Amino acid sequence: MSTAAIPLVPGIPSEHQPTTGSAPGWPLVLYFHHVHPDVRHYTALTPREFALGMERVLAEFDPYEPSDLLAGGGPRRPERPTVLVTFDDGYRDNFVHARPILDRLGVRAVFFVCTALLGQRSDQPRADHLTREECELLAADGHAIGAHTRTHPHLDRIPDEVARKESLDSLADIADWFGPGPARLFAYPYGGIPEQPGLPEDVLAFGTVRSPARPWGADPQSIRRTYLPSGATETWDGLVRHWRDRWTPGAPRH
């Protein structure tokens with residue numbers, strides 16, 4: 001099925017459309033921010049929507065285990081269509097609402113957290129962050145905790161040395177708390193990737209729909225992620241089928 005056969009999601013700019021999934025043969029990577037009954041955001045779903053969306057995705061894709069990302073030896077293509085679930089920013093509703101749904105569905109996710117914002121609490125969900133203890137409980141469940149800078153700046157809009165410090169300090173925080181491991185995980189805030197990210201070579205770094213769908217082995221620090229658009233559940237079935245149709249086991253290995 002071609003991209004043209006999929007209707008564009010209304011109200012979303014062309015550069016932010018979720019239609020393009022991942023490079024053929026590589027894991028589909030989804031990103032979310034909130035799973036909350038009241039938050040309105042393009043990657044925020046209610047708990048009911050999140051459960052329904054994940055069930056639909058899992059009908060076509062097997063869960064991709066975060067432990068496979070940390071096994072070392074570089075990124076490897078799976079033998080079957082798989083999906084990696086990720087969450088950005090480290091909001092507390094990920095723990096309260098998403099965690100039990102993930103557990104019921106047998107999915108282990110990557111939670112990219114802003115390490116200097118952990119523990120900040122608020123009545124506003126968009127400013128209510130996970131604690132270190134909650135991150136440790138997620139890790140004990142088998143989820144992975146990745147770095148998302150310390151304070152969530154636009155890395156592509158600030159001086160290079162400041163951007164590198166934000167990124168490297170957050171990676172160091174994660175290593176101190178959860179161990180360095182043979183590989184580390186990072187996600188760029190807002191999907192903005194500096195011309196010179198300055199990340200260590202062993203880091204797998206994830207973008208958003210602003211990144212092209214290239215094989216992980218060819219571009220391991222600009223991995224494309226896509227999403228189930230909030231407020232457009234009628235498009236999900238077509239999106240999931242399209243993502244699945246693009247997964248081809250015979251695609252060239254990189």
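Keep in mind that what you see is a predicted model, and the values were worked out from it rather than measured.
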Can you say whether the rings of Phe32 and Phe50 are parallel (under 30°), tilted (30 to 60°) or perpendicular (over 60°)? perpendicular
Quick check for you: to the nearest 0.5 Å, what is the distance between Leu185 atom CG and Leu84 atom CG? 8.5 Å
Aromatic centroids of Phe186 and Tyr188 separated by under 6.0 Å: yes
Hey, which of Arg80, Arg108, Arg244 is the one that makes salt bridge (charged side-chain N to carboxylate O under 4.0 Å, His left out) with Asp62? Arg80
Give a yes-or-no answer on whether the side chains of His36 and Tyr91 include a donor-acceptor pair shorter than 3.5 Å. no
Is there a donor in the side chain of Thr151 and an acceptor in the side chain of Glu166, or the other way round, less than 3.5 Å apart? yes
Before accepting this row, confirm whether a basic side-chain N of the pair Arg225/Asp88 lies closer than 4.0 Å to the acidic partner's carboxylate O. yes
Between Ile193 and Gln221, what is the shortest heavy-atom contact and its length? CD1-O, 4.4 Å
Donor-acceptor under 3.5 Å (Thr226 side chain, Pro18 main chain): yes
Below 30° counts as parallel, above 60° as perpendicular, anything between as tilted: where do the rings of Phe112 and Phe206 land? tilted
Cationic N near anionic O, under 4.0 Å, Arg99 to Asp103: no
With clusters defined by side-chain heavy atoms of hydrophobic residues (ILVMFWY) lying less than 4.5 Å apart, directly or transitively, does Leu117 cluster with Leu130? no
Does the side chain of Ser230 come under 3.5 Å of the side chain of Arg40 through a donor N or O and an acceptor N or O? no
Salt bridge or not for Asp156 and Arg210, using N-O below 4.0 Å? yes
Taking the six-membered ring for Trp, are the ring centroids of Phe111 and His143 within less than 6.0 Å of each other? yes
In this structure, would Val85 and Val39 fall into the same cluster of hydrophobic residues linked by side-chain contacts under 4.5 Å? no
Quick one, Pro81 and Trp243 - any side-chain contact, counting heavy atoms below 4.5 Å? no
Could you give the distance from CZ (Arg164) to OG1 (Thr149), rounded to the nearest 0.5 Å? 15.0 Å
Quick one: OG1 on Thr43 to NE2 on His41, what's the gap to the nearest 0.5 Å? 4.5 Å
Are Gln17 and Val209 side-chain neighbours, meaning at least one heavy-atom pair lies under 4.5 Å? no
Going only through I, L, V, M, F, W and Y residues with side-chain contacts under 4.5 Å, is there a path from Tyr190 to Ile12? no
Parallel, tilted or perpendicular: ring planes of His16 versus Tyr42, cut at 30 and 60 degrees: parallel
I want to check something: taking the side chain as every heavy atom from C-beta on, are Phe87 and Val35 in contact at a cut-off of under 4.5 Å? yes
Could you go step by step and tell me if Arg184 and Leu204 meet the side-chain contact (heavy atoms from CB on, under 4.5 Å) rule? CA-CA 6 Å; Arg184 285 169 285 178; Leu204 290 178; over 6 Å; no
If we count only N and O atoms by modelled type, under 3.5 Å, do the side chains of Thr115 and Ser170 hold a donor and an acceptor together? no
Contacts of Leu58 meeting side chain to side chain contact (heavy atoms under 4.5 Å, CB included) (sequence neighbours excluded), chain-then-number -> Met54, Pro63, Val83, Leu105, Val107
I need the full list of ring pair (Phe, Tyr, Trp, His ring centres under 6.0 Å) pairs touching residues 161-180, with sequence neighbours left out, sorted by first then second residue. none
